[in-house]
Protein chains: 2
Amino acid sequence: MDASGKKKRTRGKLSREMIEDAAFEVMEREGLSGFSMRKLAARLGCEAMSIYHHFPSQAHLYEALVDRQMSGLVIPDDSRPWRERARIGMQEFRRVATEHPAFAPFIVVYRMNSPPCLAKLNAIIGLFEDGGFGPELSARLFRAASYYLMGAILDETAGYAKGPSAVTTVSNEELARDYPNVMKAGAYFGPAGFDKTFELGLEMFLDEMERVREAARDEPAKK
Amino acid sequence: MDASGKKKRTRGKLSREMIEDAAFEVMEREGLSGFSMRKLAARLGCEAMSIYHHFPSQAHLYEALVDRQMSGLVIPDDSRPWRERARIGMQEFRRVATEHPAFAPFIVVYRMNSPPCLAKLNAIIGLFEDGGFGPELSARLFRAASYYLMGAILDETAGYAKGPSAVTTVSNEELARDYPNVMKAGAYFGPAGFDKTFELGLEMFLDEMERVREAARDEPAKK
DNA sequence: GCTTGACAACTTACACTGTAAGGTTCATCT
DNA sequence: AGATGAACCTTACAGTGTAAGTTGTCAAGC
């Protein structure tokens, strides 16, 4: 009430959406492991426990973040040819997962089971089934594709381009002398090469899926 | 000295090797995130800070664990045909990384830079170079292969077979009704199917590498 | 046998984490 | 005006890694 009105309790200030936005900001600034409810609260100008009114736990907040990212995934139109749809589906997953790089490693190891995520997973698995592989093969191909995707996302957001996480490091001179293959290959592993490497592996996988389908079609009776 | 000899200070009791062994044990029991220096100490029958005499920090301990796992990786003999060597190299990485399942997710995101790890990486990259792809392509193929490997290792050690990590879960009835593709595909995603899925993707990748090599050989002048 | 010194283990303390439990404030409705 | 309940805050606790300082023990030198 008095002149020291610093402590204006702006009521109704927080909302789930605002908290989620701020969470992404804090994560990008502090890193995934540097994130905390107290830092998030500081960013929001409130106390840590106020967040718990909107999210019952940190895990619930994280899940909301995953849901939000996954909701942005665009399922490719089924008027397109199958190969293009498969390509777009995988590119889309990579795109949404790397939108907030610091959060990406969390998404990769997150075992999704919320309705928004399941809806997207269901659509993408359906996309693989549309390829005509039969139930088992389409399931396994989806899985193998996921493996590649997860590895790629991890590398781009938390990989070697961020420098070593080892505590005992090796100098560039030693690297060139003792581990020349690592040194040579390393030249292609920077962020500038992410797209090219990803697309190479992606097209390889698409090629091979089509070949696998034809092989399965040629000998459908064989066990 | 007296009868209450409970407090015998067994000197020189600890060693790096013993601590590492115990660390793997505690991790498998408590999970990677449940691991702590205090729990490790309890397992060893000492105080947490005693460990710091042998490892200057938790990060140093973790690095030692990574080094130990990677040191067990067998580089395939170069008398074998190339495709077999590439296959064995990737199978070996999967084998050592999943030897301690709880620790595997750490290895996957660990940016190795210690001599023992670099030696193995150097050998494996060399193996890809032996495939005759030229420097850039062999580097990118190694990278793409790593993506697949990392994703597979993550799935097998921390994936859906461990149940959902989501806080809001969907019942089996809802799953069958609303997300039938997820339901159907899920049948193939248990631990019993890990090997089969992995080998499927692995052979696909090997196939495609050989085709990529021939394509690169057929048009070497083209940009 | 006694002292000395170094090493290995322990004790204490600090800053940080998520969050349970309970207290306070304030907009809205009757 | 009084009640209600949502929204936010305060405090406290058990856990974390680890810096700093202390203690116990054993081997070597005299």
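Throughout, a chain's letter reflects where its sequence line sits, starting with A, and its residues are numbered from 1.
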Side-chain donor/acceptor of A/Tyr188 to backbone N/O of B/Pro135, under 3.5 Å: no
Under 3.5 Å: donor-acceptor pair, side chain of B/Ser114, backbone of A/Thr168: no
Closest to the [X] side chain: [options]?
X	options	result
A/Met49	C/dA20, C/dC10, D/dT18	C/dA20
A/Arg38	D/dC8, C/dT17, D/dT16	C/dT17
A/Ser36	D/dT18, C/dA9, C/dT17	C/dT17
A/Gln58	C/dG18, D/dT18, D/dC8	C/dG18

Salt bridge B/Arg38-B/Glu47, side-chain N to carboxylate O under 4.0 Å: no
B/Arg177 and B/Glu173 ion-paired at < 4.0 Å: no
Taking [atom1] from [X] and [atom2] from [N], how many angstroms apart are they, rounded to a whole number?
X	N	atom1	atom2	value
A/Tyr62	C/dT17	OH	P	11 Å
B/His54	C/dC7	NE2	P	13 Å
B/Tyr52	D/dT16	OH	C1'	9 Å
B/Arg16	C/dC7	CZ	C1'	17 Å
A/Ile51	C/dT17	CD1	C1'	13 Å
B/Met37	C/dC10	CE	C1'	15 Å
B/Glu47	C/dT12	CD	C1'	11 Å
A/Lys13	D/dC9	NZ	C1'	11 Å

Phosphate contact (C/dA8 OP1 or OP2) by B/Ser50 side-chain N/O below 4.0 Å: no
Phosphate OP1/OP2 of C/dA9 contacted by B/His53 side-chain N/O (<4.0 Å): no
Which residue lies more 5' along DNA chain D, comparing B/Lys39 with A/Ala48 via nearest heavy atoms: A/Ala48
Distance, nearest 0.5 Å, that separates CD of A/Glu174 from CG of B/Asn113: 9.5 Å
